[in-house]
Amino acid sequence: MKYFFKIIALFSMLFANTYEAQQVVTNDTISGTPLTMMMDKKVSELLSGVEDKCSTTTTANSGNYNNDDAPRTSTPKINVPDRELTNAEICRRNPRIMGFKIQLAVVKSNKEADEVGLYFRRRFPYIKVEKDVSLRPNYKVMAGSYFTKQSAAADLSKIKQYFKDAISVQYRVFCVEAK
């Protein structure tokens, strides 16, 4: 009997919630596509009130004042640049970006990676060398930091004289180091 009352109470709560819920159709704030949801009417009213508060208000600051001094509401605008951003503007927003590095070799030990790096530094002292240990037990020896594959091509052609298997690979680079 105890379980019978629990089951009835559970079903009554479920049916009471679905009875109060209604289908609400609203528009997406970014793309404007219609969204269909099941929710309580009170929750829908609260959400619409919050959305109305989020819209920006603008007041008329001209010399001519109309009878309606109430602020007008407008939807917020998303700014999309009409031109391609420069490297300096990209770097200000994010110091690490997806760029390119030149992969010199993939070796089996840390000692071999150090030898390859030392050999490279003797030939190209103006290009930074680093080890990538993400492929353990193998090590990648990487050189330089470049914004594009085309900017890496000039150094790659010089490096290929000493490292035949060198290739440019996409890699996260620090913006201030990239050329």
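One-based numbering along the sequence shown.
- Note on V169: it does not cluster hydrophobically with V173, by side-chain heavy-atom contacts below 4.5 Å among ILVMFWY residues.
- Distance check, rounded to the nearest 0.5 Å: OH of Y171 to OH of Y146 gives 14.5 Å.
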Given the rule in the side chain to side chain contact (heavy atoms under 4.5 Å, CB included) test, do S168 and K101 qualify, once you have shown the distances and angles that lead to the verdict? CA-CA 6 Å; S168 60; K101 286 190 176 282; over 6 Å; no

Checking D165 against K160 for the salt bridge (charged side-chain N to carboxylate O under 4.0 Å, His left out) test, could you report, in this order, the C-alpha distance in whole Å, the side-chain angles of both residues, the deciding distance, and whether it holds? CA-CA 7 Å; D165 295 332; K160 275 203 176 255; over 6 Å; no

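- Both Y126 and Y119 are assigned to one and the same hydrophobic cluster, defined by single-linkage of ILVMFWY side chains at heavy-atom distances under 4.5 Å.
- Ring centroids of F100 and F147 are separated by 6.0 Å or more, keeping the two rings apart.
- Using a 4.5 Å heavy-atom threshold, the side chains of K140 and K131 count as separate.
- Hydrophobic clustering keeps V116 apart from V106 (ILVMFWY residues linked when any side-chain heavy atoms are closer than 4.5 Å, directly or through intermediates).
- Put simply, the side chain of I159 reaches to within 4.5 Å of the side chain of F120, judged on heavy atoms.
- Residues V141 and V129 form a side-chain contact, since some pair of their non-hydrogen atoms from C-beta on lies under 4.5 Å apart.
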One pair to check against side chain to side chain contact (heavy atoms under 4.5 Å, CB included): N110 and Y139. What are the steps and the verdict? CA-CA 7 Å; N110 190 21; Y139 293 82; 3.8 Å; yes

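- When hydrophobic clusters are built by joining Ile, Leu, Val, Met, Phe, Trp and Tyr residues whose side-chain heavy atoms come closer than 4.5 Å, directly or via intermediates, M142 is not grouped with F124.
- Between I127 atom CD1 and K158 atom NZ the span is 7.5 Å, to the nearest 0.5 Å.
- Atom CZ of R172 sits about 12.0 Å away from atom OG of S145, to the nearest 0.5 Å.
- Under the 4.5 Å side-chain heavy-atom criterion for grouping Ile, Leu, Val, Met, Phe, Trp and Tyr, L118 is not connected to V107 through any hydrophobic cluster.
- Rounding to the nearest 0.5 Å gives a distance of 10.5 Å between CG of L104 and CD of E130.
- Rounded to the nearest 0.5 Å, atoms CD (Q161) and CG (L156) are 11.0 Å apart.
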